[in-house]
Amino acid sequence: MTYQKFNDPFSLEEILNYVDSIEPGNTSAKAGIDIALHDLVGKLLNIPLYKFFGLDKEKTPITSFTIGIDEPAMIERKVREAEEYPILKVKLGLEK
């Protein structure tokens with residue numbers, strides 16, 4: 001397999017076409033890369049993604065904020081940091 005290096009995160013189409021060509025399927029992993037790449041571009045431009053896509057903020061769907069499995073003190077801190085989000089998704093797990 002040949003690996004390709006990309007130097008410009010704004011080459012979205014080229015990067016995502018390459019990612020899609022690597023292996024058929026794996027749509028969840030590919031979607032994760034797509035989302036992370038778009039998030040990076042928004043952060044580099046210092047604009048939210050709704051603005052990047054030219055959407056009206058008032059018409060965009062409500063999104064949730066995910067809080068991963070962690071120690072109770074860290075989860076509490078993350079909940080406070082996510083105060084602006086109307087929906088929180090908290091990951092749970094069991095000790096092994």
Side-chain angles (χ1 to χ4, degrees):
M1 178 182 288
T2 303
Y3 293 97
Q4 194 165 350
K5 182 178 177 183
F6 296 96
N7 295 316
D8 182 6
F10 294 92
S11 300
L12 294 167
E13 184 176 9
E14 183 182 1
I15 295 168
L16 294 173
N17 283 338
Y18 171 72
V19 168
D20 194 42
S21 74
I22 292 173
E23 185 175 330
N26 293 322
T27 54
S28 295
K30 291 175 182 179
I33 292 169
D34 186 323
I35 292 165
L37 185 58
H38 279 86
D39 184 54
L40 173 62
V41 166
K43 286 180 175 157
L44 290 172
L45 293 172
N46 199 30
I47 60 171
L49 285 177
Y50 75 85
K51 207 172 253 191
F52 176 79
F53 287 114
L55 302 173
D56 179 348
K57 182 180 181 180
E58 301 306 315
K59 294 180 182 176
T60 57
I62 295 174
T63 59
S64 64
F65 184 88
T66 302
I67 297 177
I69 299 171
D70 211 325
E71 297 296 319
M74 182 59 76
I75 291 172
E76 185 177 335
R77 190 185 112 228
K78 290 177 181 178
V79 166
R80 277 188 258 109
E81 290 173 358
E83 190 175 282
E84 67 183 274
Y85 293 89
I87 303 169
L88 297 181
K89 181 169 49 172
V90 181
K91 302 272 183 152
L92 304 174
L94 300 173
E95 289 187 38
K96 292 183 180 186

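Computed over heavy atoms, backbone and side chain alike; hydrogens, waters and symmetry mates excluded.
Remark: of the listed residues Tyr50, Phe10, Phe53, Phe53 is the sole one forming a ring pair (Phe, Tyr, Trp, His ring centres under 6.0 Å) with His38.
When hydrophobic clusters are built by joining Ile, Leu, Val, Met, Phe, Trp and Tyr residues whose side-chain heavy atoms come closer than 4.5 Å, directly or via intermediates, Phe52 is grouped together with Leu55. Hydrophobic clustering (ILVMFWY, side-chain heavy atoms < 4.5 Å, transitive): Leu12 and Ile35 are in distinct clusters. Note on Leu49: it clusters hydrophobically with Ile47, by side-chain heavy-atom contacts below 4.5 Å among ILVMFWY residues.
Aromatic ring pairs are classed by plane angle as parallel below 30°, tilted from 30° to 60° and perpendicular above 60°; the pair Tyr85 and Phe65 is tilted.
Counting heavy atoms of neighbouring residues, nucleotides and ligands inside a 6.0 Å radius, atom CG of Asn46 does not exceed 12 of them.
Atoms CG and CD1, on Asp20 and Ile33 in that order, are 10.5 Å from each other to the nearest 0.5 Å. Atoms NZ and CG, from Lys51 and Leu45 in turn, are 11.5 Å apart once rounded to the nearest 0.5 Å. Put simply, CD on Glu14 and CG on Asp8 are 8.5 Å apart, with the number rounded to the nearest 0.5 Å. Rounding to the nearest 0.5 Å places CG of Asp39 at 9.5 Å from CG of Leu44. For the atom pair Arg77 CZ and Glu71 CD, the distance stands at 13.0 Å (nearest 0.5 Å). To the nearest 0.5 Å, atom CG of residue Leu16 and atom CG of residue Leu37 are 5.5 Å apart.
Between Asn7 and Lys5, the shortest heavy-atom distance links the atoms OD1-CE, 3.6 Å. What you find for Thr66 and Lys91 is that their closest heavy atoms are CG2-CE, 3.6 Å. Summarising the geometry of Pro86 relative to Thr63, their closest heavy-atom pair is CD-O, 4.3 Å, with the distance given to 0.1 Å.
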